[in-house]
There are 2 protein chains.
Amino acid sequence: MQVIQAYQCFCDETRLRILNLLLEGPLCVCHLTAILGVPQPKVSRHLKALRDGGALETERCYNWTICRLPATPSPLLEANLKCLQDLRAEERVFKADLKTRKRTVARILKDPGDALPAQIRSLAKDCC
Amino acid sequence: MQVIQAYQCFCDETRLRILNLLLEGPLCVCHLTAILGVPQPKVSRHLKALRDGGALETERCYNWTICRLPATPSPLLEANLKCLQDLRAEERVFKADLKTRKRTVARILKDPGDALPAQIRSLAKDCC
DNA sequence: AACGAATATGCCGTCAAGCGAATATTCTGA
DNA sequence: TCAGAATATTCGCTTGACGGCATATTCGTT
């Protein structure tokens, strides 16, 4: 059953943290990795699981991969993203991640430096 | 995270089938087992998983265990039970189970026989 | 007390999920 | 074409989920 695969997306803390972060807007893999503070291969594998479960869309821009929630989420996904919103009040990890996200994004916007190749600087507003 | 345990409930076909059946009303374990057509220990263990995940309440009546959905379900559970309702249109297993449920319940009500000990016959309307 | 029905649990084997470490791949810039 | 950054994948391992089978437990009946 395909539903089961969809629910699998919500059965892992890292994946929930990723979804929580993406509720605020798109992020590229390297920023996700930085915010979560976990090894990059781990993030990459969880992203694949989310994609397979229909909970994530990715778009390749040069050598960046922009991650966002599906433009037209399934009813199931939509309902559970709403639940995830409400969970922020209870789970400190989620709130902490949002803080880290803000710090990270602010730092990148202020000083793109080598963190943001020139060609995709215009993407910053989109993915940060 | 407790949420993860809650989502685990939805990550198994047997558990989804059980929830689908209970959406129609309470059932005791032996009838659940009969309707699902799977070994009784398997049902029992899945029921425990559902209980641990907050998706099931059980009540012991003599040597029967009546299973029902929580009287006051969590928002998460409520949202996903609604999703489950909608899934009936797509997944044949769910529809087939509901048919079997009707047949089974009708048979029991018509001829309780040894399937329904005298003392709990009055419970039949409740759990069937 | 003994038996049977309903239910739960223990044991064990199998298999998938998840992880870390290393490596492959893809793309960009020099 | 070469180097380096970003991302994906492979490998080997550990752990947990699930199932089947047998057995324990609980409760009612005789």
Side-chain angles (χ1 to χ4, degrees), chain A residues 1 4-5 7-18 26-53 56 58-67 108 112-124 127-128, chain B residues 1 4-5 7-18 26-53 56 58-67 108 112-124 127-128:
Chain A
M1 282 202 273
I4 295 178
Q5 201 178 17
Y7 276 119
Q8 296 276 18
C9 293
F10 299 98
C11 288
D12 180 275
E13 172 163 339
T14 304
R15 289 198 284 271
L16 287 179
R17 290 174 67 194
I18 291 173
L27 279 173
C28 80
V29 179
C30 61
H31 296 154
L32 264 176
T33 303
I35 297 172
L36 294 171
V38 300
Q40 175 268 324
K42 180 171 171 174
V43 175
S44 185
R45 262 173 290 136
H46 282 301
L47 290 176
K48 175 170 170 47
L50 288 171
R51 223 179 303 123
D52 293 346
L56 183 77
T58 56
E59 178 194 359
R60 189 88 187 204
C61 287
Y62 302 88
N63 56 349
W64 283 26
T65 298
I66 312 289
C67 302
I108 293 170
D114 50 355
L116 202 61
Q119 308 93 321
I120 45 177
R121 205 160 296 187
S122 66
L123 269 170
C127 78
C128 292
Chain B
M1 283 202 274
I4 295 177
Q5 202 178 15
Y7 276 119
Q8 295 276 18
C9 294
F10 299 98
C11 288
D12 180 274
E13 171 164 338
T14 303
R15 290 199 284 272
L16 287 179
R17 291 175 66 195
I18 291 173
L27 280 172
C28 80
V29 179
C30 61
H31 297 154
L32 264 176
T33 303
I35 297 172
L36 294 171
V38 300
Q40 175 268 324
K42 180 172 172 175
V43 174
S44 185
R45 259 175 288 131
H46 281 301
L47 290 175
K48 177 170 169 46
L50 288 170
R51 223 180 301 124
D52 292 346
L56 182 78
T58 55
E59 178 193 358
R60 189 86 188 207
C61 288
Y62 302 88
N63 55 350
W64 283 26
T65 297
I66 313 288
C67 303
I108 293 169
D114 51 354
L116 203 60
Q119 309 91 323
I120 45 177
R121 206 159 297 185
S122 67
L123 270 170
C127 78
C128 294

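Here is how names work: the chains are called A, B, and so on, in the same order as the sequence lines, proteins then strands, and each is numbered from 1.
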Provide, to the nearest angstrom, the distance between the CG atom belonging to B:Asp52 and the P atom belonging to C:dA8.
12 Å
B:Trp64 has an atom CH2; how far is it from atom C1' of C:dA5, in whole Å?
10 Å
Without decimals, in angstroms, what is the distance between B:Ile66 CD1 and C:dA6 P?
12 Å
Which of parallel (below 30°), tilted (30 to 60°) and perpendicular (above 60°) describes A:Phe10 and B:Tyr7?
parallel
Side-chain atoms of A:Cys30 come closest, of C:dA8, D:dT7, D:dC27, to D:dT7
Take the protein atom CG of A:Asn63 and the nucleotide atom C1' of C:dT25, then report the distance between them rounded to whole Å.
12 Å
Per-nucleotide protein contact along nucleotides 16-21 of chain D, 5' to 3', at a 4.0 Å heavy-atom cut-off (B base, S sugar-phosphate only, - neither), is --SBBB
Between B:Val38 and B:Val43, the two heavy atoms sitting closest are CG2-CG2, 3.4 Å
With no angle test and no hydrogens, is the base of D:dA8 tied to the side chain of A:Gln40 by a donor-acceptor pair under 3.5 Å?
yes
Closest non-hydrogen atoms of B:Pro39 and B:Thr33, given as atom of the first, atom of the second and distance, are C-CG2, 4.3 Å
I want to check one thing: is the phosphate of C:dT7, taken as OP1 and OP2, less than 4.0 Å away from some side-chain N or O of B:Arg51?
no
Atom-pair distance (CG on B:Leu47; P on C:dA8), nearest Å
7 Å
State whether the side chain of A:Arg15 and the backbone N or O of A:Ala49 hold a donor-acceptor pair below 3.5 Å, judged by distance alone.
no
Can you name the closest pair of heavy atoms from A:Cys11 and B:Ile4 and give their distance?
O-CG2, 3.5 Å
For a quick check of understanding: with a heavy-atom distance under 4.0 Å over all strands, which category does A:Ser44 fall into, base, sugar-phosphate or nothing?
base
Between C:dG18 atom P and A:Leu50 atom CG, what is the distance in whole Å?
10 Å
Looking at A:Arg51 and A:Thr58, what are the two nearest heavy atoms and their distance?
NE-OG1, 3.4 Å
Can you check the B:Lys48 NZ to C:dA8 P distance for me, whole Å?
10 Å
Mark yes or no for whether A:Arg45, through its side chain, and A:Leu47, through its backbone, hold a donor-acceptor pair below 3.5 Å.
no
